[in-house]
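Remember, predicted model here, so these are calculated numbers, not experimental data. Sequence lines set the chain letters: A, B, ... in the order given, protein chains first and strands last, and positions in each chain run from 1.
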Number of protein chains: 2
Amino acid sequence: MKYIEKLRNSGLRPTKQRLQICEVLFDTEKTFHFTINNLANKIKKQLNNKISLATIYNTVHAFEKKGYLKQIPINSNQTYFDTNVSDHHHFYDLKEEKLIDLDNSDVGPINILKKVNGKKIKSIEVLVKLED
Amino acid sequence: MKYIEKLRNSGLRPTKQRLQICEVLFDTEKTFHFTINNLANKIKKQLNNKISLATIYNTVHAFEKKGYLKQIPINSNQTYFDTNVSDHHHFYDLKEEKLIDLDNSDVGPINILKKVNGKKIKSIEVLVKLED
DNA sequence: ACACTTATTTAGAATGGTTATAAACTAGAT
DNA sequence: ATCTAGTTTATAACCATTCTAAATAAGTGT
């Protein structure tokens with residue numbers, strides 16, 4: 001199993017639930033955006049056994065902390081995650097309430113001219129809201 | 001009263017509560033960021049009378065819809081608002097959990113090269129996360 | 001000033017995403 | 001096989017936000 005080592009190397013035990021969630025998240029051709037609710041439904045459809053909601057929350061947070069998932073900063077009642085952890089940005093279609101990836105090359109280089117004492121930049125995230 | 005006309009022109013009745021919230025929000029030298037909880041506390045301190053939490057929610061949302069306030073896209077359990085509605089961006093200090101304004105001139109021009117069929121760009125928001 | 005209509009305020013209940021709890025279970029080590 | 005620490009689980013708790021429906025206030029016409 002290709003995810004066993006990945007998990008072990010991160011200090012996460014490769015449990016059955018984590019491996020199955022890995023399959024749902026990472027065994028896809030394309031990366032995708034999801035909420036916990038989305039993911040829970042996907043798991044229910046794709047898998048025969050049940051995974052507790054608490055475990056899904058735990059696992060998603062564990063994966064995020066390890067850098068296998070990214071949270072997308074957006075105002076919504078639900079938290080959005082992205083399986084694409086490469087440096088990139090998002091369109092947000094306000095009408096459809098849908099996120100669309102923006103490659104880094106789709107957004108010109110961003111120069112932050114202001115400095116904050118003793119702090120360094122961890123990430124730069126651009127959200128482009130779309131309307132009709 | 002300077003806010004009476006402003007509210008009437010927006011189709012909002014200038015009630016005592018709305019005028020008082022206007023004072024707390026806009027009678028300041030500098031613009032600021034806040035959550036509903038922040039604002040409720042500020043109102044409690046600054047005003048002698050009580051304004052219901054439901055009214056604070058209603059008013060903030062009404063003001064946002066009219067363009068007097070902006071929501072800041074950020075992942076948090078609470079929604080952040082900004083009294084600075086001009087086009088600008090934010091630093092987010094992860095350790096202090098604090099927002100810092102970034103003037104548009106502090107961020108180079110941003111060119112979105114990708115287009116989405118039939119949609120136009122409503123806003124471009126940049127969030128720069130800071131760590132130690 | 002008065003009556004009338006509609007918007008607004010309000011306390012409290014309801015909602016719903018997320019987190020906490022604590023007991024049962026499992027992976028990995030000895 | 002046994003032990004220990006990490007995981008999973010159902011369920012309760014939490015808490016920001018929204019809903020509800022009754023009371024109040026603003027605007028309008030008379």
inquiry  = Is there a side-chain contact between B:S52 and the phosphate of C:dA11, meaning an N or O under 4.0 Å from OP1 or OP2?
reply    = yes

ask   = Mapping B:R13 and B:A54 onto DNA chain C by nearest heavy atom, which one lands closer to the 5' end?
value = B:R13

query = For the pair made of CG in A:N58 and C1' in C:dT18, what is the distance, rounded to whole Å?
reply = 11 Å

key: Mutual orientation of the aromatic rings belonging to B:F81 and B:F34 [parallel < 30°, tilted 30-60°, perpendicular > 60°]   = parallel

query = Could you state the NZ-P distance from A:K16 to C:dC25, rounded to the nearest angstrom?
reply = 13 Å

remark   = Tested for side-chain contact (heavy atoms from CB on, under 4.5 Å) against B:I36, the lone hit among B:T79, B:N41, B:L53 is B:L53

inquiry  = In this structure, how many angstroms lie between the P atom of D:dC15 and the CD atom of A:Q78, rounded?
reply    = 20 Å

message = What is the distance, to the nearest angstrom, from the CZ atom on A:F81 to the C1' atom on C:dG17?
response = 11 Å

task = May I ask you to say what A:T55 touches in the nucleic acid, namely base, sugar-phosphate or nothing, with a heavy-atom cut-off under 4.0 Å?
result = base

key: Rounded distance in Å - CD (A:Q17) to P (D:dT8)   = 5 Å

query = Any idea which heavy atoms bring A:L99 and A:H90 closest together, and the distance?
reply = CD2-CB, 4.0 Å

inquiry  = Checking side-chain polar atoms at under 3.5 Å, does B:N58 have a donor or acceptor matched by the opposite partner on B:T55?
reply    = no

ask   = Checking all strands, does B:N37 fall into the base, sugar-phosphate, or nothing category for heavy-atom contacts under 4.0 angstrom?
value = nothing

task = Can you sort out which residues in residues 60-71 of chain B have a heavy atom within less than 4.0 Å of DNA chain C? Ascending by number, please.
result = none

request  = Take atom OH of B:Y57 and atom P of D:dC15, then tell me their distance rounded to the nearest Å.
outcome  = 13 Å

Minimal non-hydrogen separation, B:N37 against B:Q78, with atom names = CB-NE2, 4.1 Å

task = Applying side-chain hydrogen bond (donor to acceptor under 3.5 Å, both in side chains) between A:H88 and each of A:D101, A:D106, A:N104, report the one that passes.
result = A:D101

inquiry  = Just the rounded figure in Å: distance from P of D:dT18 to CD1 of B:I56.
reply    = 14 Å

message = What is the distance, to the nearest angstrom, from the CG atom on A:N49 to the P atom on D:dT9?
response = 8 Å

key: Selection from C:dT10, D:dT7, C:dT8 that lies nearest to any side-chain heavy atom of A:L12   = D:dT7

ask   = For the side chain of B:R18, counting heavy atoms from C-beta on, which of C:dT10, C:dA27, C:dT8 is nearest?
value = C:dT8

query = Quick one: is B:K50 getting a side-chain N or O under 4.0 Å of the C:dA11 phosphate, OP1 or OP2?
reply = yes

remark   = Note: for B:R8 and B:T35 on DNA chain D, the residue whose nearest nucleotide lies more 5' is B:T35

message = Considering every strand and a 4.0 Å limit on heavy-atom distances, what is the contact class for A:T79: base, sugar-phosphate, or nothing?
response = sugar-phosphate

message = Less than 3.5 Å apart, any donor N or O on the side chain of A:D27 or A:Y3 sitting next to an acceptor on the other?
response = yes

